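Here it is: the structure, laid out below.
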Protein chains: 2
Amino acid sequence: MSKIAIYIVDDHEIVREGIAAFLIGVPDIEVKALFPDAMSVLKSLEKDLPDVLLLDIGLPDIDGIKLAERLKISHPKLPILIISGNTDDRHLIGAVKAGVKGFLPKDVEKTELCEAILRVASGKKYFSSEISQSLQNALINHLDTAELSAREKEIAILLADGLSFREIGSQLFISERTVEAHKNNAIKKLGLRNTMQLVAWAVTNLK
Amino acid sequence: MSKIAIYIVDDHEIVREGIAAFLIGVPDIEVKALFPDAMSVLKSLEKDLPDVLLLDIGLPDIDGIKLAERLKISHPKLPILIISGNTDDRHLIGAVKAGVKGFLPKDVEKTELCEAILRVASGKKYFSSEISQSLQNALINHLDTAELSAREKEIAILLADGLSFREIGSQLFISERTVEAHKNNAIKKLGLRNTMQLVAWAVTNLK
DNA sequence: ATAAGCCTAGGGGAATTTCCCTATATAAAT
DNA sequence: ATTTATATAGGGAAATTCCCCTAGGCTTAT
């Protein structure tokens, strides 16, 4: 029985090395290579496949979840284990939809990381207990809806432009309560906390 | 048509002579005088004005940029062309604010120096391509974000992350009123309407 | 030395947003 | 036909933010 070969993908060198350091000396596990971005690991995967891919979400070139979606198509049997500091609803659901085998928070402990890798390598799933908790809530809130309606997007943009509910209402000839309702729906769908985050989301995704 | 009269100001004799040597024999250009410091050239300018003043920044008595600011007042039409080895943000922005007509790095080539002098003498501006590049970055870094203090930027980012005044306050160990004050100052400085616009600004400029 | 900018922080009331609800109508999908 | 999503909108109270003000201590520049 050969060791479990691991690829690590993370844009921060410290994190890459930190994970690698965790795993050095662990029997049955061998870190094969480290990658700072999606493109480099994609290239490498053409030649050689690890047994488990440890993947961060915040990559510079391709979002980790997008990458996971792609890999599901090109390498459907490659088990992906996400390690991310960002555990909000959107990311969790995106990851699950993309079919990742596990999800760990970035402050995971050594023993749990090893446990997760062994599980995932043997074809099972592993979601840390914190993650499971959040994921359940996220699924309850919005399993299938990640897209905003046209009206919701419109209002998100107007909010980002600095208009109040009242101003948006009179501009769109609807009640300010309706504006509020659309805003609330948008926040729920995206798994956000408040209007500030919606504005931030709108700026990065709608402009 | 008489030649273009040049004053050269630089504390290093080698540089003064070097520039002069560059310009000797160039038709249409005549080096009128060399000065090792700001005071000597100030005295000279009371009697006689050149067509272009070549000015170094690192002078022993008065900083070249300060000198340029003064001269803008006393001799507003005198075109100043900075030649400096120091091309950091502060100097570039200072020079531009002082209204200098051109800026060259100290390793400028003969042809470019002549070109710059001719341009400046005819009332145009001349910034070498290296300088333009750096200047653009400097302007982006400073006139844009440097308008906000570090604290203000910090709070703008935290707001964009979706934190309330209270949460930001306890995270930074300051009162929520102080957070509000910083936020208000940031909004005023940037000429915005409200926090939504500040968040939008923060997302595009600070992330 | 004086001014300017920054960081701090409070008072108090007005305005706005947020958070619970409920509700109807319409179009699209199953 | 029934569900689902969308768009609309209100009540009411709590929470938060906004807007005006003042103000002291500190550093930096002129």
Side-chain angles (χ1 to χ4, degrees), chain A residues 139-200 202, chain B residues 38 61-63 65-70 72-73 90-91 93-94 97-98 142-143 145-200 202:
Chain A
L139 289 173
I140 288 166
N141 286 339
H142 46 80
L143 178 54
D144 282 319
T145 51
E147 279 289 308
L148 296 192
S149 72
R151 203 56 150 173
E152 287 158 352
K153 286 185 213 164
E154 187 178 20
I155 280 163
I157 289 174
L158 292 172
L159 283 169
D161 287 340
L163 304 191
S164 68
F165 291 166
R166 191 171 302 165
E167 289 167 325
I168 294 172
S170 61
Q171 184 166 319
L172 300 181
F173 303 107
I174 57 179
S175 155
E176 53 197 275
R177 303 310 302 271
T178 305
V179 176
E180 192 197 347
H182 285 309
K183 180 222 69 177
N184 284 333
N185 287 334
I187 287 174
K188 253 187 207 161
K189 281 188 185 174
L190 297 172
L192 305 176
R193 295 184 62 193
N194 54 34
T195 310
M196 304 301 162
Q197 287 189 347
L198 180 61
V199 166
Chain B
D61 47 357
I62 302 176
D63 183 68
I65 289 174
K66 289 271 161 60
L67 177 59
E69 287 168 1
R70 285 203 201 178
K72 257 308 143 224
I73 298 167
R90 216 161 30 92
H91 289 119
I93 290 182
K97 276 192 176 173
H142 290 254
L143 294 190
T145 67
E147 282 185 26
L148 294 192
S149 72
R151 204 55 152 174
E152 287 157 353
K153 286 184 217 164
E154 190 177 17
I155 279 162
I157 289 174
L158 292 173
L159 283 169
D161 286 339
L163 304 190
S164 68
F165 290 166
R166 190 171 303 166
E167 289 169 323
I168 294 172
S170 61
Q171 185 166 319
L172 300 182
F173 304 106
I174 58 178
S175 155
E176 53 196 277
R177 304 308 301 272
T178 306
V179 177
E180 192 196 345
H182 286 309
K183 180 223 67 177
N184 285 332
N185 287 333
I187 287 173
K188 259 186 204 156
K189 282 187 185 174
L190 297 172
L192 304 177
R193 295 184 65 192
N194 54 32
T195 310
M196 303 302 162
Q197 286 188 346
L198 179 61
V199 166

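Protein chains get the first letters and strands the later ones, always in sequence-line order, with residue 1 at the start of each. Computed from a predicted model, the values in this text were never measured in an experiment.
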- [ ] Check the distance between C/dA25's C1' and A/Arg151's CZ and give it to me in whole angstrom.
- [x] 15 Å
TODO: Could you state the atom-to-atom distance from CZ of B/Arg166 to P of C/dA9 in whole Å?
DONE: 15 Å
TODO: Figure out the CG/C1' separation between B/Leu148 and C/dG5, and round it to whole Å.
DONE: 13 Å
Open item on the list: Under 4.0 Å from OP1 or OP2 of C/dG10: is there any side-chain N or O of B/Ser175 that close?
Closed with: yes
Task: Between CZ on residue A/Arg193 and CG on residue A/Leu198, distance to nearest 0.5 Å - done: 14.0 Å
Task: B/Ile174 side-chain proximity, nearest of C/dT17, D/dC18, C/dT8 - done: C/dT8
Task: Side chains of B/Lys183 and B/Leu159 in contact at under 4.5 Å (non-hydrogen atoms) - done: yes
Open item on the list: Looking at every heavy atom in both A/Ala200 and B/Val199, which two are closest together, and how far apart are they?
Closed with: N-CG1, 3.9 Å
Task: N or O in side chain of A/Thr195 less than 4.0 angstrom from C/dT18 OP1/OP2 - done: yes
Open item on the list: Side-chain N or O of B/His182 versus OP1/OP2 of C/dC6: is the shortest distance under 4.0 Å?
Closed with: no
Open item on the list: Whether B/Thr178 contacts C/dG10 is assessed here as follows: a side-chain N or O lying under 4.0 Å from the phosphate OP1 or OP2. Is that the case?
Closed with: no
TODO: Between D/dT16, D/dG12, C/dT18, spot the one nearest the side chain of A/Lys183, thanks.
DONE: C/dT18
Task: N/O (side chain, B/Lys189) to phosphate O (OP1/OP2, C/dC6) under 4.0 Å - done: yes
TODO: Check every strand shown and say whether B/Glu180 touches a base, only sugar-phosphate, or nothing at a heavy-atom separation below 4.0 Å.
DONE: base
TODO: Return yes if the base of C/dC7 and the side-chain atoms of B/Glu152 contain a donor-acceptor N/O pair under 3.5 Å, otherwise no.
DONE: no
Task: Distance, nearest 0.5 Å, that separates CG of B/Asn185 from CZ of B/Arg151 - done: 13.0 Å
TODO: Write down the distance between CZ (A/Phe173) and P (D/dA7), rounded to a whole number of angstrom.
DONE: 18 Å
Open item on the list: Rounded to whole Å, how long is the line connecting atom CG of A/Asn185 with atom P of D/dA7?
Closed with: 9 Å
Task: Separation of atom CD1 in A/Ile168 from atom P in D/dA7, rounded to whole Å - done: 15 Å
Open item on the list: Quick check for you: among C/dA9, C/dT16, D/dT17, whose closest atom lies nearest to any side-chain atom of B/Arg177?
Closed with: C/dA9
Task: Nucleotide D/dT17, atom P - distance to CZ of B/Arg193 in whole Å - done: 19 Å
- [ ] Could you please name the option among C/dT8, D/dA7, C/dT18 that lies closest to any side-chain atom of A/Ser149?
- [x] D/dA7
TODO: Might you work through the side-chain contact (heavy atoms from CB on, under 4.5 Å) test for A/Leu172 and A/Leu158, ending with a clear yes or no?
DONE: CA-CA 10 Å; A/Leu172 300 181; A/Leu158 292 172; 4.1 Å; yes
Task: Comparing B/Met196 and B/Ala181 on DNA chain C - which has the more 5′ nearest nucleotide - done: B/Ala181
TODO: Take the protein atom CD of B/Glu167 and the nucleotide atom P of D/dA15, then report the distance between them rounded to whole Å.
DONE: 15 Å
